[in-house]
2 protein chains.
Amino acid sequence: MAVDECYYREILTSKGIKGTRQRIDVMAVLFSSAVPLTADDIYIHIRDGGGEKLSLSTVYRILDTLGQKEIVAKTGLIEGGKALYEIVSGVHRHNLICIKCHKLIPLGDCPLGDFEKNLEDTTGFRISGHKFEIYGVCPDCRQIKQ
Amino acid sequence: MAVDECYYREILTSKGIKGTRQRIDVMAVLFSSAVPLTADDIYIHIRDGGGEKLSLSTVYRILDTLGQKEIVAKTGLIEGGKALYEIVSGVHRHNLICIKCHKLIPLGDCPLGDFEKNLEDTTGFRISGHKFEIYGVCPDCRQIKQ
DNA sequence: GTGGTTGCAAAAGCTTTGCAATTGT
DNA sequence: ACAATTGCAAAGCTTTTGCAACCAC
């Protein structure tokens with residue numbers, strides 16, 4: 001995917017940082033994921049996928065750097081004790097998470113626009129964003145019924 | 001507050017676990033807090049407050065035990081790398097969090113009941129709960145304007 | 001008295017950091 | 001060429017765990 005690669009490199013250089021192989025790989029994984037990922041998820045994905053050389057500490061450093069450039073955001077949520085990261089994008093996504101099989105289903109719309117607007121008026125906060133995850137049991141796991 | 005103490009002890013024994021000094025202290029701190037707390041918050045509060053003897057690992061163990069008894073819940077959110085815990089209550093609470101000073105303002109209502117009901121119908125999930133936190137800049141920090 | 005709990009210290013994660021080697025511009 | 005970035009290993013966190021001492025029932 002040379003096209004994507006150029007795109008990611010362009011984003012990086014436009015923010016004044018180098019377009020390294022490792023940064024591009026991390027961005028590619030995050031951009032192609034519908035759900036937030038842990039640093040370890042990203043590390044495993046790149047190591048087992050492309051076969052590129054990469055260390056876990058580099059992933060952490062890249063996530064931190066991309067966070068400062070507002071390309072990536074730490075979600076503030078944890079999964080199994082690990083922090084979750086996602087691409088910052090105009091599109092607003094939330095997930096439906098199965099508490100049995102841990103499947104994540106991305107939801108299309110965000111129903112919270114009006115609520116936030118109302119909140120700005122009543123509290124004086126300038127609202128910059130929110131985290132919203134819904135938990136339940138997915139249809140498959142309901143059938144298994146254990 | 002002997003009254004509260006009896007109340008907490010009663011909750012514990014009704015769940016089949018012992019009403020120890022440490023458990024009662026932890027419950028007292030959590031019940032009196034409007035916002036979720038870290039294990040360390042609770043530890044410091046008890047150690048510096050009542051002067052009772054307590055170790056941090058005990059706080060973690062108590063939070064785990066109370067979690068299994070569904071008296072307390074790990075929120076799934078992190079604050080400065082530490083997990084947050086809160087009392088499980090029928091009342092549904094969410095927080096407005098200032099990204100500058102990290103103040104947490106509890107919000108009264110949960111606007112998500114209808115949304116969840118709708119989601120159950122369209123996805124087949126049985127929804128059991130959700131996490132919802134809103135981020136922004138509080139009025140104080142907007143004035144400082146840095 | 002007895003089993004459940006605690007304290008302490010050590011271990012086990014996740015994440016960060018120092019430093020020499022490497023790489024992108 | 002040079003500064004930025006990476007890899008490795010070690011350190012720094014929070015959280016968990018083993019075990020002897022202790023305490024609520």
Side-chain angles (χ1 to χ4, degrees), chain A residues 2 5-6 8-27 36-44 46-47 50-69 71-85, chain B residues 2 5-6 8-27 29 36-47 50-69 71-85:
Chain A
E5 201 172 299
C6 291
Y8 301 141
R9 176 171 284 118
E10 199 175 299
I11 293 179
L12 292 168
T13 52
S14 77
K15 298 270 183 179
I17 57 178
K18 288 184 183 172
T20 64
R21 162 96 269 119
Q22 292 88 337
R23 283 177 179 160
I24 289 167
D25 285 348
V26 168
M27 287 182 74
L37 300 173
T38 66
D40 200 56
D41 290 337
I42 297 166
Y43 171 65
I44 297 289
I46 295 171
R47 196 195 51 184
E52 289 296 336
K53 200 172 153 198
L54 177 82
S55 90
L56 181 56
S57 60
T58 298
V59 175
Y60 277 107
R61 261 189 293 227
I62 289 175
L63 290 170
D64 187 60
T65 304
L66 299 189
Q68 289 175 38
K69 299 298 179 183
I71 298 169
V72 161
K74 206 172 190 172
T75 64
L77 295 164
I78 39 181
E79 181 180 89
K82 294 178 234 176
L84 289 165
Y85 298 82
Chain B
E5 201 172 301
C6 291
Y8 301 140
R9 178 171 282 118
E10 200 175 298
I11 292 178
L12 293 167
T13 53
S14 78
K15 298 271 184 178
I17 57 178
K18 288 183 183 173
T20 64
R21 163 98 266 117
Q22 291 89 336
R23 284 178 179 161
I24 289 166
D25 285 347
V26 168
M27 287 182 73
V29 173
L37 300 173
T38 67
D40 200 56
D41 289 338
I42 297 167
Y43 171 65
I44 298 291
H45 198 283
I46 294 171
R47 196 196 53 185
E52 290 293 337
K53 199 173 154 199
L54 177 82
S55 90
L56 180 56
S57 58
T58 298
V59 175
Y60 277 106
R61 260 189 293 229
I62 289 175
L63 290 170
D64 186 60
T65 305
L66 298 189
Q68 289 175 39
K69 299 298 178 183
I71 299 168
V72 160
K74 206 172 189 170
T75 62
L77 296 163
I78 40 182
E79 181 180 270
K82 295 179 231 175
L84 289 165
Y85 298 83

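Only a predicted model underlies this, so the values are computations on that prediction, with no experimental measurement involved. To find a chain, count down the sequence lines: A is the first, B the second, and so on, and within it residues start at 1.
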Separation of C:dT6 P from B:R47 CZ (nearest whole Å): 18 Å

Between C1' of D:dT14 and CD of B:E79, the distance in whole Å: 14 Å

Any B:S55 side-chain N or O less than 4.0 Å from OP1/OP2 of C:dG7: yes

Partner of B:I11 by side chain to side chain contact (heavy atoms under 4.5 Å, CB included), out of B:K69, B:R23, B:M27: B:M27

Base C:dG4 to side chain B:R61, donor-acceptor N/O within 3.5 Å cut-off: no

Rounded distance [0.5 Å steps], CG in A:D64 versus OG1 in A:T58: 12.5 Å

Distance in angstrom units between B:L54 CG and C:dT5 C1', rounded: 12 Å

Spatial distance of atom CG (B:D25) from atom CD1 (B:I46) [nearest 0.5 Å]: 5.0 Å

Residues in side-chain contact (heavy atoms from CB on, under 4.5 Å) contact with B:A83, at least two apart in sequence or another chain: A:I78, B:K74, B:Y85

Nearest heavy-atom neighbours spanning B:P36 and B:T75: CB-CG2, 3.9 Å

Separation of atom CZ in A:R23 from atom C1' in D:dA4, rounded to whole Å: 8 Å

Nucleic acid footprint by protein, nucleotides 20-25 of chain C - heavy-atom cut-off 4.0 Å, B for base, S for sugar-phosphate alone: ---BBS

Any B:Q22 side-chain N or O less than 4.0 Å from OP1/OP2 of D:dC23: no

Whole-Å distance separating the CD1 atom of B:I44 from the P atom of D:dT14: 10 Å

Sugar-phosphate, base or nothing in reach of B:S57, heavy atoms under 4.0 Å: base

Stepwise side-chain contact (heavy atoms from CB on, under 4.5 Å) test for B:R21 and B:E5: CA-CA 9 Å; B:R21 163 98 266 117; B:E5 201 172 301; 3.7 Å; yes

Closest to the B:T58 side chain, choosing from C:dT6, D:dT14, D:dT6: C:dT6

Atom pair distance, as rounded to whole Å: CG in A:D64 and C1' in D:dA4: 15 Å

Distance (rounded to the nearest 0.5 Å) between B:L63 CG and B:I71 CD1: 11.0 Å

For atom CG of B:L63 and atom P of C:dT5, their distance in whole Å: 15 Å

Integer-rounded Å distance: D:dT17 C1' and B:L56 CG: 14 Å

